[in-house]
Every structure is written in structure tokens, then in C-alpha cells.
**Student:** 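Have a look at the structure that comes next, please.
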Amino acid sequence: MHLLVPMDLDKTSKSALKEAILLTEKFKETGKITILHVVNSELSAPVVDSVEDLETKLLAEARDYLAKIKAIVEKKNILVEVVILEGFIATKILDYEKEHAVDLIVIGHHNRIGFDRLVVGSVSKKVIHDAICPVVVVK
């Protein structure tokens, strides 16, 4: 069973990963988790000299964080892969799902309101609506 866990660097994503680990442990011999992180540099606004500096900074942060997460999952004897992509988050999640043999997506849900919801939209909502495979949403 191949589980796709889209992760940003927050608490909700960690909850989704915990759930995916519990599910994968039931399929130890055939279970695999792919942790997918999408860098969406268009919505990030730290002070940097250029877009390239921003992308480099975001990618470095993601690689460091996800390397630690991968090590934690590997200690549980679960096959895990980390993939980092750039682009629109929901689109990249759905593209990855379609291009790989994903059996289940386990995704965290943010309760954004107001302007954040208008600007960012609901990634989990789009994934639930457009995914081919089943989706588990974790709060």
C-alpha cells in the first residue's frame, strides 16, 4: 500500500504523518510512505534579495526538516521516500498522485479563515475533490 502524505512544516502535517504511519504499520511488508513537500515561493514573503534566494532558502529549510522526519519514519522500519517539488501545492499533489501508484492520500487540514482562505484556498478541499484515490483528512 502506497500512502502519499503531503507535508508543509506545521503541526497538522505531523498529525497526518502519524496517521499514515499507523496505517502503514498494518501493511508492513508492502507499505510505503511518500512524504511530498511543495515549495510555493509565490506565497512566501521573507526578506530576501531575489526570488532565487527565497527558493534556495525554502528548499534548504524543507530538506533539513524532511530529512529529520524521514529518519523518524525509517526507525519504525517503514519504507519512506521524500519528494520536494516546486509549484502550486494542490496541483503538484494531484499530479504526483496521478503519475505514481498512490493508493491513499493522508493530508492535514488547516482551518484558515478570512483573507488567508481567499489567497491560499483550501488545498485539502481541492485534493479531496480531484484525487483519483481515496483521501483521509486529519485535523
**Student:** Minimum heavy-atom separation for G108 to A16, with atom names?
**Tutor:** N-CB, 3.6 Å
**Student:** For K98, does the NZ atom have more than 12 heavy-atom neighbours from other residues, nucleotides or ligands under 6.0 Å away?
**Tutor:** yes
**Student:** Looking at every heavy atom in both S13 and P6, which two are closest together, and how far apart are they?
**Tutor:** OG-O, 4.1 Å
**Student:** What do the steps show when you test K32 against M1 for side-chain contact (heavy atoms from CB on, under 4.5 Å), and what is the final call?
**Tutor:** CA-CA 6 Å; K32 174 186 175 182; M1 171 159 274; over 6 Å; no
**Student:** Checking I35 against V80 for the side-chain contact (heavy atoms from CB on, under 4.5 Å) test, could you report, in this order, the C-alpha distance in whole Å, the side-chain angles of both residues, the deciding distance, and whether it holds?
**Tutor:** CA-CA 7 Å; I35 298 170; V80 61; 3.9 Å; yes
**Student:** If we check side-chain contact (heavy atoms from CB on, under 4.5 Å) with I21, which of these qualifies: L17, T24, L23?
**Tutor:** L17
**Student:** Ignoring hydrogens and angles, state whether a donor on the side chain of H109 or T12 is under 3.5 Å from an acceptor on the partner side chain.
**Tutor:** no
**Student:** Once you round to the nearest 0.5 Å, how far does CZ of R63 lie from CG of L59?
**Tutor:** 5.0 Å
**Student:** Where do E25 and K76 come nearest, in terms of heavy atoms and distance?
**Tutor:** OE2-CD, 3.9 Å
**Student:** Does the side-chain contact (heavy atoms from CB on, under 4.5 Å) test come out yes or no for L94 and K126, once each step is laid out?
**Tutor:** CA-CA 9 Å; L94 293 165; K126 181 155 179 57; 4.1 Å; yes
**Student:** Is the backbone N or O of Y96 less than 3.5 Å from a side-chain atom of H100, with the two atoms forming a donor-acceptor pair by type?
**Tutor:** yes
**Student:** Hey, is the main chain of M7 close enough, under 3.5 Å, to the side chain of H37 for a donor-acceptor pair?
**Tutor:** yes
**Student:** Can you tell if the side chain of V137 reaches within under 4.5 Å of the side chain of I128, non-hydrogen atoms only?
**Tutor:** yes
**Student:** Do V102 and L3 come close enough that some side-chain heavy atom pair is under 4.5 Å?
**Tutor:** no
**Student:** To the nearest 0.5 Å, what is the distance between CD1 on I107 and CD1 on I89?
**Tutor:** 9.0 Å
**Student:** Check the pair L4, V106 against side-chain contact (heavy atoms from CB on, under 4.5 Å), reporting the backbone distance first and the verdict last.
**Tutor:** CA-CA 6 Å; L4 177 62; V106 183; over 6 Å; no
**Student:** Is there a side-chain contact between V123 and D8 in this structure, where contact means two heavy atoms from C-beta onward sitting under 4.5 Å apart?
**Tutor:** no
**Student:** In terms of hydrophobic clusters joined by side-chain contacts under 4.5 Å, are I105 and L79 together?
**Tutor:** no
**Student:** Quick check for you: to the nearest 0.5 Å, what is the distance between E74 atom CD and I33 atom CD1?
**Tutor:** 11.0 Å
**Student:** Any side-chain to backbone donor/acceptor pair from E97 onto I132? Under 3.5 Å, distance only.
**Tutor:** yes
**Student:** Would you say the side chain of V135 lies within less than 4.5 Å of the side chain of L104, judging by non-hydrogen atoms?
**Tutor:** no
**Student:** Answer yes or no: is there a donor N or O on one side and an acceptor on the other, between the side chain of D103 and the main chain of H2, under 3.5 Å?
**Tutor:** yes
**Student:** Quick check: do T34 and V5 have side-chain heavy atoms less than 4.5 Å from each other?
**Tutor:** no
